[in-house]
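Atoms considered below: every heavy atom in the structure, side chains included; atoms not considered: hydrogens, waters and symmetry mates.
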Amino acid sequence: MNISELSAFDIVKHVAAGDVTAVDVAQHYLNAIEADDRRYRSYLCVTRDQALASAEDIDRRRAAGKTLGPLAGLPVAIKDGLCTQGVATTAASKMLESFVPPYNATVVQKLADADAVMLGKTNLDEFAMGSSTENSAFEPTKNPWNTDHVPGGSSGGSAACVAGRLAPVSIGSDTGGSIRQPASFCGITGLKPTYGRVSRFGLIAFASSLDQIGPMSVSARDTALTMSVISGHDDRDSTSARQPVPDFCAELEKPLAGLKIGLCREHLDAELPADVQGAINEAIKVFKSLGATTTDIHLPHSPYGIAAYYVIASSEASSNLARYDGVRYTMRAEAETLEQMYGRTRTEGFGPEVRRRIMLGTYALSSGYYDAYYIQASKVRRLIKDEYESALNSVDVILGPTCPSTAFRFGENTKDPLAMYLADIFTVTSNLAGNPGISIPCGLGDDGLPIGLQLQGRPFDEATLLRMAHQFQQQTDWHLRRPQS
Amino acid sequence: MSPSTQISAADRQQVTDADVTTVIGLEVHVQLQTQSKLFCGCSTAFGGEPNTQTCPVCTGMPGSLPVLNEHALKLAIKTGLALNCDIARHTKWDRKNYFYPDLPKGYQISQFDQPICGAGYLDISDADGAFAPKRVHLERAHLEEDAGKSMHDESNRGGKSKIDLNRTGTPLLEIVTKPDMSSPAEAKAFLTSLKMILTYIEVSDCNMQEGSLRCDGNINLHINVGGETVATPIVEVKNLNSFRAAERALQYEVARQLDEWKETGQSIKDAPKRTFGWDDNAQCTIAQREKEESADYRYFPDPDLIAAVTSDEEIEAIRKEIGTLPSDLRDQLVQQYQLKPYDADVMVNQGRGLVEFFLAVAAACNNNKLASNWISQEVLRHLNETNSNIADYPVTADSLGQLLTKVADGSLEQTRAKDVLATMVEHKLAVDAATKKLGIRAVDSSELDDLCTQLLGANPKVIDEVKGGKAKAVGALIGQARKLNPNVNPNAVREKLLEMIAAM
Amino acid sequence: MSDPVDLNTVEHVARLARLELTAEQAAESARHLASILKYVDQLSELQIANDVEPFFGATEMINAIRPDVVCESTARETILDNAPDSDGEFYRVPPVFK
């Protein structure tokens, strides 16, 4: 059995049936990581011993006839912004280089309880601030499609390891596009669930009102499988929703006939490269052939999304990152007085982009500017949320490109932070509104790099997004294309 | 040039105390009596080993999230209701951002623009009439989490500071008054009255030694100079660790501000608010080191928490739990139980437990006056001597009631009854057992007849004196009667003797 | 509408955020702040009706509460294990004043 050809769905099925052992599956991926991750640098740490031990335990329990969890034997990679008990969790920051959490993030615990096998922790932009992993304090991750190009970010490690087949499933987090944009750049499927659908407990916060954890994998079906395990209310997260969790896998095959797709003119009429435009148009045809109809919709305030997003996200971040002060679990710079210690620790411990955002956020919340920036941005956020609501009254989903381009080259956007911010232009609005969004591969650009299609839906209607993505993937094979190694 | 500097030094020297009005507002932090912290399950118990009552949430570890303790919210609402505050049906949480090593997240979760309790008031008065009764208005009361404790090296040799986070996250209610108090005595009365209410409604133990009640005062003077009023710069006085300290510190500050103004002429328009600390040993206020930059707390809504919404029904249910407040109880004792205002005060000031004890004793013996006298003398003396409170008193209200019933109907004489009570307290006995232990028994009429006959036979002089109109003379025989039989009732002996003499 | 970002502003903001910037970092920060604020100023050009309430969170749910029950705290050595400086009982930090 060629394990690298198996989907997550297949792995779980075969481990349960005894066709393959959890140890074989784990060993396969550990070997692949060892062989290929030197080129991609998608993992910051590989938990080899822990992975093999839990795989052995699963095999032992299976042999003893015990009931196994719904993801038994499925290897997963975890973004290093999620806390893992006893395993260093750095958020790709020098600040947390030696932080070992005494607890698991709820999502990590749910995966462990479902008998998934953690392979390791994946790279990201420091504290999830960035769109390329170039802001990782340790090393950038390379796009497996072309290692001169970025994998996107901030969940670049989680996207690259799936694209490079170094994990069948990974977990990312998305504050302004950090799951969907790297999924698009790396040609994989990535879902940002509705805000509140997945517990944030244990996710190192960037911007609490925007952050959401989600799965990344090759296909919509594997994404649905993972979603059904990580979703649901958590008493430890006050913002976690008390919404019933549907059986995402069972919904996948429901026909698309009669489904109404909104084409967001603000996204599609933007100056898109011809290859991206063409791929999106082809995808629309596929959905029409499946019985869906399309209609134009407008999100008139969406062009203001990036501006509102940067004010709000940076404001929250400036406060969320105040706890990294050299006292309890961070690095500490040598100093004679408390104030020197604060200043030096925070300047040395944070990278330049993190410092930039702390400065912007502190400024936006400070006396005299709060109303003009934070409040004004939050009012624009209300307008955007209301526009989503009204658009999704008339259509079931909103379709468009995930990103305005394919993966850019290293260094291409590092000189101009604003240009980098604009990589999230199509994704930030659903974070502002709280709605779910999914990115799926829908073509290859002129540069041979993947193009992503984004579907955005109603709050808590991930099922429709997954169903559409799945049926699109039954008609096309973009998601099965692999980088030429 | 600000107007205040136009008042000449000579004019300033003419000002007397009569020209000065003191203006005081208070900020009181009350620790609410919950078992667990405001946003996590760690214990709020006082006095634990350092850093043994913490978890990822209250140490602000990455990824940890707060969840509201429902009981803390309820206690805050209860307090607000007892202080006549508007209760917010919809309240939210804000972050107050500042750096300090005992503030783990780099922000304090507090309430900025939607406090749980809005405007309210508390009426204060003084039993001795030191000031006229007045209403102190409350601006607001909001819930927030406490910080931890920093212990700095006191040697000034630049040693490291130590941080204990046990207290971090303990629920506090910050009560802010309007500047309605016009003397340190009023401020003290406010604090005393507030503390009594808080302990009556059982929202806080108000233990100042343990920091359960902390107070800061804002004070300045309005000085009348030739018909114009000049206000001195506002000073915030911190570290008022007891009511006595609060009163003294404010008194000190009144004098200090007047002296300072006479010297400098600086008014509120010339100087920003300053912070002084009360030094209890030196008995003076000391200016605290000014921070380099003015505080900018950058309040904004905490995105990790959602609004708390309370329905009218829930609020009414909490209101029902409040019970009668001290001022109403005092009125009740005076009007319904005919106690003297002073006696009622003594009783109410001891707390709800004692008042309830009184009500039970009064009901059991059907004699309010007797119950009040015995409690304010015998019972309180015992509590003071043993430094205990009524919950620990070994005699139940029912037992004391039974004892007082005997006193009331004359079957047990006062002095003997006190002996019985002492025995009941000492040996934890019921009335009958204690009576028996003391050998006290009823004296029947033939026994009394015999005793009186014997006494009159031995003291013919007394008979003559009584017949001569000096009824008091029997008194000498009552003492003798008690020596012969300690159980006799002196009144009964007196009556019997007079009856026998009259019949002679 | 944004004020030009001068170095005094940068210094003030850095001080609030407890960042100790070198002259070079401060200059870079001033440039970046100016450019992002210029971009963000498009928000203030929007005419927004007075009745539009700011939206602060992607959820407008209410009442997430926990009962007042004490849970076991984390062991002190576990908590202090991550600290850059502790004496086994307390966290230790440099003094406020030298």
Side-chain angles (χ1 to χ4, degrees), chain A residues 98-100 102 195-196 209-210 235 238-242 304 306-308 310-311 318 322 325-332 335-344 346-347 350 352 355-356 358-360 362-363 366 372-373 375-383 385 417-418 431-434, chain C residues 1-3 5 9-10 12-22 25 28-30 32-33 35-46 48-49 52-61 63-66 74-75 78-86 91-98:
Chain A
S98 55
F99 173 57
V100 180
Y195 187 86
S209 78
L210 301 158
D235 284 339
S238 305
T239 63
S240 135
R242 292 161 202 277
Y304 297 93
I306 290 282
Y310 272 90
V311 170
S318 72
D325 60 0
V327 178
R328 293 164 312 281
Y329 40 73
T330 58
M331 54 91 71
R332 175 188 294 184
E336 299 213 313
T337 68
L338 180 69
E339 289 298 330
Q340 281 173 358
M341 189 279 279
Y342 279 153
R344 289 179 194 166
R346 290 170 58 78
T347 304
F350 292 135
R355 290 200 304 266
R356 276 195 279 273
I358 290 174
M359 289 291 290
L360 172 61
T362 306
Y363 181 87
S366 68
Y373 291 109
I375 294 294
Q376 183 74 1
S378 300
K379 286 184 177 174
V380 173
R381 186 178 186 183
R382 169 74 65 190
L383 298 177
K385 179 182 151 71
L418 196 54
N431 297 83
L432 289 168
Chain C
M1 73 133 272
S2 64
D3 305 328
V5 183
T9 307
V10 168
H12 171 68
V13 174
R15 167 82 197 131
L16 283 176
R18 296 300 188 276
L19 292 171
E20 196 179 275
L21 303 182
T22 62
Q25 285 168 336
E28 195 273 341
S29 184
H32 171 258
L33 268 180
S35 99
I36 185 85
L37 291 175
K38 189 163 164 265
Y39 177 75
V40 162
D41 272 349
Q42 59 179 287
L43 298 179
S44 54
E45 286 153 14
L46 278 173
I48 299 179
V52 172
E53 284 289 314
F55 179 49
F56 295 124
T59 168
E60 286 187 339
M61 302 180 306
N63 293 352
I65 46 172
R66 41 170 280 272
T74 309
T78 309
I79 283 284
L80 294 181
D81 208 31
N82 274 300
D85 186 8
S86 90
Y91 297 94
R92 287 196 299 205
V93 295
V96 177
F97 306 110
K98 185 76 187 174

Which atom pair, heavy atoms only, marks the closest approach of [X] to [Y]?
X	Y	value
A/Y363	C/T9	CE1-CG2, 3.7 Å
C/G57	A/S209	CA-CB, 3.9 Å
A/S238	C/M61	O-CE, 3.8 Å

Most chain A-contacting option - heavy-atom pairs closer than 4.5 Å, from [options]:
options	answer
C/I48, C/L33, C/D81	C/I48
C/V10, C/L19, C/V40	C/L19
C/T78, C/T22, C/L46, C/I36	C/L46
C/P84, C/S86, C/A83	C/P84

Walk me through it: do C/D41 and A/Y373 pass the test side-chain contact (heavy atoms from CB on, under 4.5 Å)?
-> CA-CA 8 Å; C/D41 272 349; A/Y373 291 109; 3.6 Å; yes
Does any heavy atom of chain C fall under 4.5 Å from the side chain of [X], the backbone, both, or neither of them?
X	value
A/V380	both
A/A377	both
A/L418	side chain

Begin from the C-alpha positions of C/F55 and A/L432 and carry the test side-chain contact (heavy atoms from CB on, under 4.5 Å) through to its verdict.
-> CA-CA 9 Å; C/F55 179 49; A/L432 289 168; over 6 Å; no
Mind ranking A/S240, A/G343, A/S98 by heavy-atom pairs under 4.5 Å with chain C and telling me who comes out on top?
->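 Among A/S240, A/G343, A/S98, the one with the most close pairs to chain C is A/G343.
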Options A/R242, A/M341, A/R356, A/R344, ranked by heavy-atom pairs under 4.5 Å with chain C, top entry =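 Of the options given, most contacts go to A/R356.
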Do NZ/NE/NH1/NH2 and the carboxylate oxygens of A/R346 and C/E20 come within less than 4.0 Å?
->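 No, A/R346 and C/E20 are not salt-bridged.
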Is there side-chain contact between [X] and [Y], with heavy atoms separated by less than 4.5 Å?
X	Y	answer
A/Q340	C/P94	no
C/Q25	A/R355	yes
A/R332	C/D85	yes

Stepwise side-chain contact (heavy atoms from CB on, under 4.5 Å) test for A/L360 and C/L37 | CA-CA 8 Å; A/L360 172 61; C/L37 291 175; 4.0 Å; yes
Could you tell me the separation between the OH atom of A/Y304 and the CD atom of C/E45, rounded to the nearest 0.5 Å?
->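 Reported value, rounded in 0.5 Å steps: 7.5 Å.
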Kindly compute the distance separating NE2 (C/H12) from OG1 (A/T362), expressed to the nearest 0.5 Å.
->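 Going from NE2 on C/H12 over to OG1 on A/T362, the span is 9.5 Å.
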Side chain C/N82, main chain A/R328, donor-acceptor under 3.5 Å |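 Looks like no, no N/O pair under 3.5 Å.
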Counting only N and O atoms by type, is there a donor-acceptor contact under 3.5 Å from the side chain of A/R382 to the main-chain atoms of C/E53?
->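 Yes: the side chain of A/R382 pairs with the backbone of C/E53.
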State which residues pass side-chain hydrogen bond (donor to acceptor under 3.5 Å, both in side chains) with C/Q42; sequence neighbours excluded, sorted by chain then number.
->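 Listed in chain order: nothing, the list is empty.
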